[in-house]
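In what follows, a structure is listed as structure tokens, so that the remarks can point back to it.
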Amino acid sequence: MSARLPVVVGNWKMHLSLDEAVTLARDVAERAPGGVEVGVAPSAPYLGAVAQALRGSRVGLSAQDTHWEAAGAFTGEASPAQLKGVGCRYVIIGHSERRQLFGETDAGVAKKARAAHDHGLTPILCVGETLAEREAGRTLAVTLGQLDAAFSALRPEEAAASICAYEPVWAIGTGRTATPEQAQEVHRAIRARLAERFGAGVAAQVRLQYGGSVKADNAAALMAQPDIDGALVGGASLKAAGFLDILRAASQGARLP
Ligand code: PEP
């Protein structure tokens, strides 16, 4: 298996005041351990200020969403060119909250993934099933369907450089985490599907994050799984101490060359 540097990104969603966001960014930037790639995703109005706070550090800036067009009459939206211009390295695409609350579709996710690469952003492509879908035995059908769409407009080298986050919807913000074995089963299937589509070499390079109530006390066991290469963290990324514990767990479990 090729070595993959773990990548952990904190999704701050629509939380924090400006001061809190800048303070948290500074804390993470100063104290993030080596051996793990780190990103934080503040809400859009804070991107510029958080970019300043992260300047000179190893911590990357992430947007929480993007439009697919480079510019235009799209009130309320931000383009990938604008996000790149303000200092973003990553962009989260297809988060379940976007899908469930704001009508995000697989077709939109595919266009956004294409646009992210066109503008030098690393997409974090989110996939995952609802509780009803899991209970109906449709976990892999739903997740792999979303995966196929998210990667549909990418060339192999772009796929290899993308991040995919498996986030079972029933585990997001609920305190209910997938067991390491449940998560690994889906991660293994995701990597196998990527191998079918792009070849084993590409599939071995794609970093697969787990997301859904990751905390300091479950992060190590999740990231010890062979196909789990990091985490997308919501609630536990809002306090520096807890997020830094997750980063240390990722760093200690790193499968480096
Ligand atoms: C998320 O929103 O991507 C997420 C994983 O949230 P939480 O960690 O709070 O479940």
Side-chain angles (χ1 to χ4, degrees), residues 6-16 20-21 24 28 36-44 46 50 59-66 88-104 109 112-113 116 122-131 133-134 139 142-143 146-147 150 162-180 182-184 186-187 190 207-223 225 227-250:
V7 56
V8 175
V9 174
N11 176 11
W12 296 351
K13 310 193 184 188
M14 201 172 70
H15 294 299
L16 305 175
E20 288 167 341
L24 178 57
V28 173
V36 55
E37 195 176 306
V38 185
V40 294
S43 47
Y46 302 161
V50 171
V59 178
L61 184 67
S62 178
Q64 296 180 11
D65 190 20
T66 184
C88 287
R89 185 184 301 165
Y90 313 96
V91 57
I92 299 169
I93 295 174
H95 191 280
S96 63
E97 286 153 16
R98 300 297 319 166
R99 293 178 189 263
Q100 295 203 311
L101 304 174
F102 301 101
E104 181 84 278
V109 170
K112 292 177 179 187
T122 299
I124 300 170
L125 300 165
C126 301
V127 298
E129 81 288 358
T130 63
L131 185 58
E133 289 162 343
R134 174 164 281 263
T139 295
V142 169
T143 301
Q146 292 174 351
L147 182 82
S162 299
I163 296 169
C164 176
Y166 168 57
E167 299 206 298
V169 179
W170 47 271
I172 295 180
T174 59
R176 188 176 161 187
T177 319
T179 64
Q182 281 174 320
Q184 167 58 21
V186 181
H187 279 240
I190 289 173
R207 284 165 316 158
L208 303 182
Q209 295 176 318
Y210 169 78
S213 297
V214 173
K215 299 194 174 47
D217 60 6
N218 59 25
L222 285 159
M223 288 188 265
Q225 297 297 313
D227 289 297
I228 301 183
D229 311 309
L232 185 55
V233 185
S237 70
L238 294 172
K239 293 257 184 336
F243 190 56
L244 287 160
D245 282 343
I246 294 169
L247 297 182
R248 282 189 279 274

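Order of appearance sets the numbers: ligands from 1, and atoms from 1 within every ligand.
- Atom 5 (C) of ligand 1 has as its closest protein heavy atom Glu167 OE2, 3.1 Å.
- Scanning the protein heavy atoms around atom 9 (O) of ligand 1, the nearest turns out to be Gly235 N, 2.8 Å.
- Considering both main-chain and side-chain atoms, Thr174 never comes within under 3.5 Å of ligand 1 through any nitrogen or oxygen pair.
- Asp65 places none of its side-chain heavy atoms less than 4.5 Å from the side chain of His95.
- Here the CD1-NZ distance, from Ile92 to Lys13, works out to 9.0 Å after rounding to the nearest 0.5 Å.
- Ring-plane geometry between Tyr166 and His187 is classed as perpendicular, the angle between the planes exceeding 60 degrees on a 0 to 90 degree scale with a lower cut at 30.
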Derivation and outcome, side chain to side chain contact (heavy atoms under 4.5 Å, CB included), residues Val7 and Val9: CA-CA 7 Å; Val7 56; Val9 174; 4.2 Å; yes
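- Given atom 1 (C) of ligand 1, the protein heavy atom at minimum distance is His95 NE2, 3.2 Å.
- Counting protein heavy atoms only, atom 8 (O) of ligand 1 is closest to Gly234 N, 2.8 Å.
- Close to ligand 1: Ser213, with a non-hydrogen atom less than 4.0 angstrom away.
- At least one heavy atom of Lys13 sits closer than 4.0 Å to an atom of ligand 1.
- The shortest side-chain heavy-atom distance between Ile172 and Glu97 falls under the 4.5 Å cut-off.
- Judged by the shortest distance from any of its heavy atoms, Cys126 lies outside the 4.0 Å radius around the atoms of ligand 1.
- Below 4.0 Å from some heavy atom of Leu232 lie the following atoms of ligand 1, by number and element: 3 (O), 5 (C).
- Atom CD1 of Ile163 is separated from atom CZ of Arg207 by 4.5 Å, given to the nearest 0.5 angstrom.
- Those atoms of ligand 1 that come under 4.0 Å of a heavy atom in Gly212, given as number and element, are 5 (C), 10 (O).
- Atom numbering of ligand 1 starts at 1 in the shown order; those under 4.0 Å from a heavy atom of Ala171 are 10 (O).
- Under the 4.5 Å side-chain criterion, counting only non-hydrogen atoms from C-beta, Val36 is not in contact with Met223.
- The nearest non-hydrogen atom to atom 10 (O) of ligand 1, considering only Gly173, Pro168, Ser237, comes from Gly173.
- Counting atoms of ligand 1 from 1 in the listed order, those under 4.0 Å from a heavy atom of Asn11 are 2 (O), 3 (O).
- Listed here is the closest heavy atom pair of Tyr90 and Val38: OH-O, 4.0 Å.
- Taking the side chain as every heavy atom from C-beta outward, Ser237 and Trp12 approach each other to under 4.5 Å.
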